[in-house]
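Note that the structure is predicted; figures quoted are calculated from it, not measured. Counting starts at 1 for both ligands and their atoms, following the listed order.
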Amino acid sequence: MRTDMAALSQPVQATYDAIVIGAGIQGSFTAYHLAQRHRNTLLLEQFILPHSRGSSHGQSRIIRSTYAQAVYARMMPDSFRLWQQLEAEASTSLYRQTGLVVLGPAGDPDLESCRRSLDGGEVLSATTLAQQFPGLRIHAGEVALWDGTGGVLFADRALRAVQDVFRRHGGTLRDGEKVLRIEPGTMVTVITSAGVYQAPRVIIAAGAWTGALVAPLGLCLPLQPLRIDVCYWRKKDPGSPDMGRASPCFITTGLSQTPHSVYGLPALEYPGLVKVCYHYGSPTDPEERDQAPPGAPRPSIALLSRFISSYLPGLETQPAVVETCLYTNTPDEDFILDRHPQYSNIIIGAGFSGHGFKLAPVVGKLLCEMSLDEEPSHSVAPFAITRFPNVLRAAL
Ligand SMILES: Cc1cc2nc3c(=O)[nH]c(=O)nc-3n(C[C@H](O)[C@H](O)[C@H](O)COP(=O)(O)OP(=O)(O)OC[C@H]3O[C@@H](n4cnc5c(N)ncnc54)[C@H](O)[C@@H]3O)c2cc1C
């Protein structure tokens with residue numbers, strides 16, 4: 001096996017039209033769009049695939065039309081369309097429509113924005129909610145908004161599908177190959193643990209590792225990796241439906257007892273275990289995510305136990321299974337989709353802040369368009385790096 005030092009001294013092995021760093025869902029969709037446009041594309045992944053050390057693993061993610069922020073709501077129809085296109089290309093099903101309930105206090109500004117994003121949306125009374133979804137409770141002063149398009153994306157299957165279609169379009173995916181250094185230039189040089197490659201454009205979609213990868217390029221991005229507890233809860237009565245006859249997904253907004261949202265999906269990964277998680281976690285280093293001592297306090301689980309007693313009384317109040325995953329948050333929880341301020345042929349997609357999976361087909365398209373100097377099909381102004389102060393520093 002070659003050493004890292006050996007790679008650093010190697011001559012350029014191959015030249016591509018584009019190199020994408022990171023084969024999570026965002027990098028994989030970027031590579032897929034580039035390959036569809038007949039660009040000879042190299043997709044590099046540090047770990048052997050499939051792996052569970054980043055943010056895109058697991059079997060389920062929520063997809064929905066409703067969004068409190070209009071910028072994302074506007075992208076969702078395109079995203080649904082592109083997910084369907086991938087399903088057709090890969091001849092596989094990637095989405096189960098379950099519907100989604102947004103729970104929150106009546107008049108909550110985010111809930112109102114969610115309602116607007118659905119052109120009004122259907123508001124369920126407490127009585128209707130109790131009839132349709134008896135496992136799910138709301139309390140006095142709270143309402144439930146119904147998004148019939150909501151559902152579950154089969155995450156692992158989707159990642160495999162997009163990578164398969166990328167390869168079918170002629171793309172090259174090299175896993176177990178870590179990018180060690182990026183050298184800017186008209187042709188950008190990418191030095192990995194196994195080789196040296198060049199391309200006129202490089203797209204960095206390295207998830208929680210993005211900060212470390214761009215620091216030597218003089219960028220200090222405000223990206224905070226968070227360790228997320230992924231919790232599965234057993235039904236008290238194994239024969240009962242998860243949350244109701246149709247077992248919808250749900251998200252909360254504006255509840256005073258949970259400073260960040262709580263979200264839930266019907267049983268999928270483990271028979272009889274419902275996935276309910278807190279949309280926040282503890283700051284971590286992606287290399288040390290799984291090193292928390294077993295007895296360390298996990299505040300999100302205490303908070304979720306209280307939430308479940310109050311809103312999902314059909315579930316036991318201690319999780320049956322707890323796994324971990326990574327978010328990479330920006331201070332405003334909006335994405336970063338932009339060029340490097342000094343090297344315009346290096347494009348960065350990062351900071352998906354725990355809500356990027358559903359939008360990955362559009363994110364990949366935007367990163368592809370930016371890298372090809374095409375007009376982005378959605379405005380990328382809200383995702384500019386320069387919205388944050390002091391991001392530039394001397395290159396290392
Ligand atoms: C528990 C959990 C639940 C979520 N639920 C939802 C949801 O319901 N709906 C939704 O829309 N979103 C959800 N998300 C968010 C969504 O999953 C993420 O936004 C998305 O997966 C981020 O993808 P990514 O490609 O940016 O990161 P990653 O998947 O982490 O991919 C980055 C890749 O880059 C690789 N890499 C890093 N450095 C290098 C290097 N130097 N060389 C080569 N490769 C490198 C990494 O190994 C990794 O594979 C959830 C996330 C989690 C963790």
Plane angle bin for His260 and Tyr280 - parallel if under 30°, tilted between 30 and 60°, otherwise perpendicular: parallel
Where ligand 1 meets His355 - atom numbers and elements under 4.0 angstrom, heavy-atom basis: 10 (C), 11 (O), 12 (N), 15 (C)
Numbered atoms of ligand 1 (with element) below 4.0 Å of Gly54, judged on heavy atoms: 30 (O)
Minimum-distance protein heavy atom relative to atom 28 (P) of ligand 1: Ser55 N, 3.6 Å
Contact partition for Val230 relative to ligand 1, non-hydrogen atoms under 4.0 Å: side chain
Stepwise salt bridge (charged side-chain N to carboxylate O under 4.0 Å, His left out) check, Lys365 with Asp78: CA-CA 10 Å; Lys365 185 162 73 157; Asp78 200 12; 2.8 Å; yes
Any Gln198 side-chain heavy atom under 4.5 Å of Val188 side chain: no
Contact atoms of ligand 1, heavy-atom distance to Leu326 under 4.0 Å: 53 (C)
Close approach of His57 to ligand 1, heavy atoms, under 4.0 angstrom: no
Minimum-distance protein heavy atom relative to atom 48 (C) of ligand 1: Glu45 OE1, 3.4 Å
Contact partition for Phe357 relative to ligand 1, non-hydrogen atoms under 4.0 Å: both
Heavy-atom pair with the smallest gap, counting every atom of Thr317 and Ser309: CG2-OG, 3.4 Å
Criterion side-chain contact (heavy atoms from CB on, under 4.5 Å) on Thr324 and Val230, from CA distance to verdict: CA-CA 5 Å; Thr324 54; Val230 185; 5.8 Å; no
Atoms in ligand 1 with a heavy atom of Gly356 nearer than 4.0 Å: 11 (O), 12 (N), 15 (C), 19 (O)
With Tyr327, the side chain to side chain donor-acceptor pair (under 3.5 Å) member among His355, Arg227, His279: His279
Closest non-hydrogen atom pair, Phe335 against Gly356: CZ-CA, 3.9 Å
Protein heavy-atom partner closest to atom 27 (O) of ligand 1 - residue, atom, separation in Å: Gly207 CA, 3.7 Å
Atom indices of ligand 1 within 4.0 angstrom of Trp209 heavy atoms, with elements: 37 (C), 38 (N), 46 (C)
Residue and atom name of the nearest protein heavy atom (relative to atom 41 (N) of ligand 1), distance in Å to one decimal: Val179 O, 3.1 Å
Tyr72 and Phe383 aromatic ring geometry - parallel, tilted or perpendicular at 30°/60° bounds: tilted
Enclosure of Arg234 CZ (heavy-atom neighbours >12, cutoff 6.0 Å): no
Partners passing side chain to side chain donor-acceptor pair (under 3.5 Å) against Thr252 (at least two apart in sequence or in another chain): none
Polar contact flag for Lys178 and ligand 1 (N/O pairs, less than 3.5 Å): no
Whether Gly354 lies under 4.0 Å from ligand 1, heavy atom: yes
Protein contact of atom 3 (C) of ligand 1 - nearest heavy atom, named by residue and atom, plus distance: Tyr263 OH, 3.2 Å
Ala155 to Arg61 - nearest heavy-atom pair and separation: CB-CG, 3.9 Å
Per atom 7 (C) of ligand 1, closest listed option by heavy atom (Leu153, Ile62, Leu43): Ile62
Heavy atom of the protein closest to atom 36 (N) of ligand 1 (residue, atom name, distance): Gln46 NE2, 3.5 Å
Part of Arg61 with heavy atoms under 4.0 Å of ligand 1, whether side chain, backbone, both or neither: both
Salt-bridge present (Glu269, Lys275; N to O < 4.0 Å): yes
Within-shell test, Arg53 vs ligand 1, heavy atom, strictly < 4.0 Å: no
Note: Arg37-Glu374 ion pair, threshold 4.0 Å (strictly below): yes
Six-ring centre of Tyr67, Arg64 cation under 6.0 angstrom, axis tolerance 45°: yes
Ile25 neighbourhood, listing ligand 1 atoms whose heavy-atom distance to it stays under 4.0 Å: 20 (C), 21 (O), 23 (O), 25 (O)
Under-4.0 Å heavy-atom contact with ligand 1, by part of Leu213 that carries it: side chain
Ser353 and ligand 1 - part of the residue with a heavy-atom distance under 4.0 Å: neither
Asp338, Asp332, Asp334 screened by salt bridge (charged side-chain N to carboxylate O under 4.0 Å, His left out) with Arg387, the one that passes: Asp332
Sub-4.0 Å heavy-atom contact, Cys277 with ligand 1: no
Residue, atom name and distance, where the atom is the protein heavy atom closest to atom 51 (C) of ligand 1: Tyr327 CE1, 3.4 Å
Basic-acidic side-chain contact under 4.0 Å: Asp373, Arg339: yes
Atom 31 (O) of ligand 1: the protein heavy-atom neighbour that sits closest, reported with distance to 0.1 Å: Gly24 CA, 3.2 Å
Distance filter under 4.0 Å to Phe352 heavy atoms, resulting ligand 1 atoms: 19 (O), 26 (O)
Element-labelled atoms of ligand 1 that are located less than 4.0 Å from some non-hydrogen atom of Glu177: 43 (C)
